[in-house]
Colleague: 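The structure's right below; bear with me while I get my questions together.
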Amino acid sequence: MLFRSQLYTDEEMAETLLTLCCLWSAIYFARYLDSERWQDNLWFGIFFALAVLTKGNGWLLAFIPPLAVLLTGKLRLLLQRSFWLSPLLVAVVCIPWQLMTMQVAERGWVGGSTPSAHYTISALGQYLRILVAITGPILSVMVAIGIAVEFLPLRFRSPMASAPAVMVVLILATWVFHSVVPAGVEDRKALIAVPALILFLFAGAIWVADHLPLPDQLKSWRRTLVAIAAASIFAVQTFGIPH
């Protein structure tokens, strides 16, 4: 599936720019959760707006503020004026354009003119398979481990760290948003989740390396060995050169 990611960077597609805008938007909201500075939330809103103006899929970023605030236990931010700066910015900049172009966008919907339970249930399964295929079945296990490790604090009733919380929501939002909007199931729409998946792949690989039962003389090489193994698996399973 990462071969498809490489393919789309070799074509005139909006997905690469959309993915970049969504990633920067997520990064700035994670910074806002830590700093609580209005400037970071403003940048979140700016990149949110740029993502929406690039392609309507950018609206999936609306999932990030409420869910990330919930996961990090920072519900008090909902009462601060700085929190509502980005929604105001996005509403003013994007909603008029979205309303003007909605009929044009709906012409490309192949799953129906309105969301439906039948489409969503089917799309959820299809997009889940696409997300697993992005890194391949073996490396997807490391991604799952990385996500599980970051979720461990919730098990002990402690909040998640800001960056992992935001990246988890970015993956979830990509999956759910495209499963609800009946625009058709296409693997290119899952590209938005690729940066977050790669980050959790690294987190999972580090956890696996640190828990490998190796002799003492090899312990200092654990992360290197896991990195070589992961790179080899990637090269065999998902790497490709677009023609």
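Everything quoted here is computed from the prediction, not taken from an experiment. Nothing fancy with the numbering, it's 1 onward along the sequence.
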Colleague: Going from CD on Gln80 to CG on Leu85, what distance comes out if it is rounded to the nearest 0.5 angstrom?
Modeller: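 The CD atom of Gln80 sits 12.5 Å away from the CG atom of Leu85.
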
Colleague: Between Ser82 and Tyr32, is there a side-chain donor-acceptor contact under 3.5 Å, judged purely by atom types and distance?
Modeller: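 Per modelled atom types, Tyr32 and Ser82 side chains form a pair under 3.5 Å.
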
Colleague: With a 4.5 Å heavy-atom cut-off, do Ile64 and Val166 have their side chains touching?
Modeller: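 The answer is yes, as the side chains (C-beta and beyond) meet within the 4.5 Å cut-off.
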
Colleague: At what distance, to the nearest 0.5 angstrom, does NZ of Lys189 lie from CD1 of Ile130?
Modeller: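 Here the rounded value is 9.5 Å.
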
Colleague: Kindly indicate, with the supporting measurements, whether the criterion side-chain contact (heavy atoms from CB on, under 4.5 Å) is fulfilled by Cys94 and Trp59.
Modeller: CA-CA 10 Å; Cys94 299; Trp59 283 110; 3.8 Å; yes

Colleague: Can you find a side-chain donor-acceptor pair between Ser179 and Thr120 that sits under 3.5 Å?
Modeller: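 No - no donor-acceptor pair under 3.5 Å links their side chains.
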
Colleague: Where is the tightest heavy-atom contact between His211 and Arg222, given as atom of each residue plus distance?
Modeller: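 Where His211 meets Arg222 most closely, the heavy atoms are N-NH1, 4.5 Å.
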
Colleague: If you round to the nearest 0.5 Å, how far is CG of Leu33 from CZ of Phe83?
Modeller: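 Separation between the atoms: 8.5 Å.
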
Colleague: Determine whether a donor-acceptor pair (N or O, by modelled atom type, separation under 3.5 Å) exists between the side chain of Thr174 and the backbone of Leu170.
Modeller: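 Yes; judged by distance alone, with no hydrogens or angles, the pair exists.
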
Colleague: Same hydrophobic cluster for Leu124 and Leu197, using side-chain heavy-atom links shorter than 4.5 Å among ILVMFWY?
Modeller: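 Same hydrophobic cluster.
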
Colleague: Looking only at heavy atoms, which two atoms of Trp175 and Leu128 are closest? And how far apart?
Modeller: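 Looking at all heavy atoms of both residues, the shortest contact is NE1-N, 3.7 Å.
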
Colleague: Counting only pairs under 3.5 Å, give me each side-chain donor-acceptor contact of residues 18-27, with atom names and distances, residues two or more places apart or in other chains.
Modeller:
residue, atom, partner, partner atom, Å
Thr19, OG1, Glu15, O, 2.8
Ser25, OG, Phe44, O, 3.1

Colleague: Quick one: do Val93 and Phe29 end up in the same hydrophobic cluster if we chain Ile, Leu, Val, Met, Phe, Trp and Tyr together by side-chain heavy atoms under 4.5 Å apart?
Modeller: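 Val93 clusters together with Phe29.
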
Colleague: Less than 4.5 Å apart, any side-chain heavy atom of Phe63 and any of Val176?
Modeller: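 Phe63 reaches Val176 side chain to side chain.
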
Colleague: Measure across Tyr119 and His178 and return the closest heavy-atom pair with its distance rounded to 0.1 Å.
Modeller: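 For Tyr119 and His178, the tightest heavy-atom pair comes out as OH-O, 3.9 Å.
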
Colleague: Cluster question for you: counting only ILVMFWY and a side-chain heavy-atom cut-off of under 4.5 Å, with indirect links fine, are Leu53 and Leu99 together?
Modeller: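 Per the 4.5 Å side-chain linkage, Leu53 and Leu99 are co-clustered.
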
Colleague: Tell me, with the steps shown, if Trp43 and Arg31 meet side-chain contact (heavy atoms from CB on, under 4.5 Å).
Modeller: CA-CA 10 Å; Trp43 278 110; Arg31 290 180 180 178; over 6 Å; no

Colleague: Taking all non-hydrogen atoms of both residues into account, name the closest pair between Asn41 and Ser86 and its distance.
Modeller: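 For Asn41 and Ser86, the tightest heavy-atom pair comes out as OD1-OG, 3.2 Å.
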
Colleague: Any link between Leu225 and Phe234 through a network of hydrophobic side chains (Ile, Leu, Val, Met, Phe, Trp, Tyr) touching at under 4.5 Å?
Modeller: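 Result: yes, single cluster for both.
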
Colleague: Enter the distance from Trp84:CH2 to Leu77:CG here, rounded to the nearest 0.5 Å.
Modeller: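 One finds 11.0 Å between CH2 of Trp84 and CG of Leu77.
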
Colleague: Identify the heavy atoms of Gly45 and Val90 that sit nearest to each other, and give their distance.
Modeller: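 Heavy atoms of Gly45 and Val90 come nearest at O-CG2, 3.7 Å.
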
Colleague: Determine the minimum heavy-atom distance between Pro66 and Ala62, stating which atoms define it.
Modeller: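 For Pro66 versus Ala62, the nearest heavy atoms are CD-O, 3.3 Å.
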
Colleague: Could you pull out every donor-acceptor pair under 3.5 Å between side chains of residues 141-154 and any protein atom, sequence neighbours left out?
Modeller:
none

Colleague: If I take atom CG from residue Leu131 and atom CG from residue Asp187, how far apart are they, to the nearest 0.5 angstrom?
Modeller: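 So the CG of Leu131 and the CG of Asp187 are separated by 10.5 Å.
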
Colleague: Under the criterion side-chain contact (heavy atoms from CB on, under 4.5 Å), I'd like the reasoning laid out for Phe200 against Ile171: C-alpha separation, chi angles, the key distance, then a yes or no.
Modeller: CA-CA 10 Å; Phe200 285 114; Ile171 296 172; 3.8 Å; yes

Colleague: Pick from Leu89, Ile95, Leu88: which one makes a side chain to side chain contact (heavy atoms under 4.5 Å, CB included) with Val92?
Modeller: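 Considering Leu89, Ile95, Leu88, a side chain to side chain contact (heavy atoms under 4.5 Å, CB included) with Val92 is found only for Leu88.
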
Colleague: Is a side-chain N or O of Lys55 found less than 3.5 angstrom from the main chain of Ala14, in a donor-acceptor match?
Modeller: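 Looks like no, no N/O pair under 3.5 Å.
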
Colleague: Would you give the length of the straight line joining atom OH of Tyr28 to atom OG of Ser35, rounded to the nearest 0.5 angstrom?
Modeller: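 Between Tyr28 OH and Ser35 OG, I get 10.5 Å after rounding to 0.5 Å.
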
Colleague: Ignoring hydrogens and angles, tell me if any N or O in the side chain of Arg223 forms a donor-acceptor pair with the backbone of Ala209 under 3.5 Å.
Modeller: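 No; zero donor-acceptor contacts below 3.5 Å.
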
Colleague: Please answer: with hydrophobic residues joined when any side-chain heavy atoms are less than 4.5 Å apart, are Val132 and Ile121 in the same cluster?
Modeller: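 Not linked; separate clusters.
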
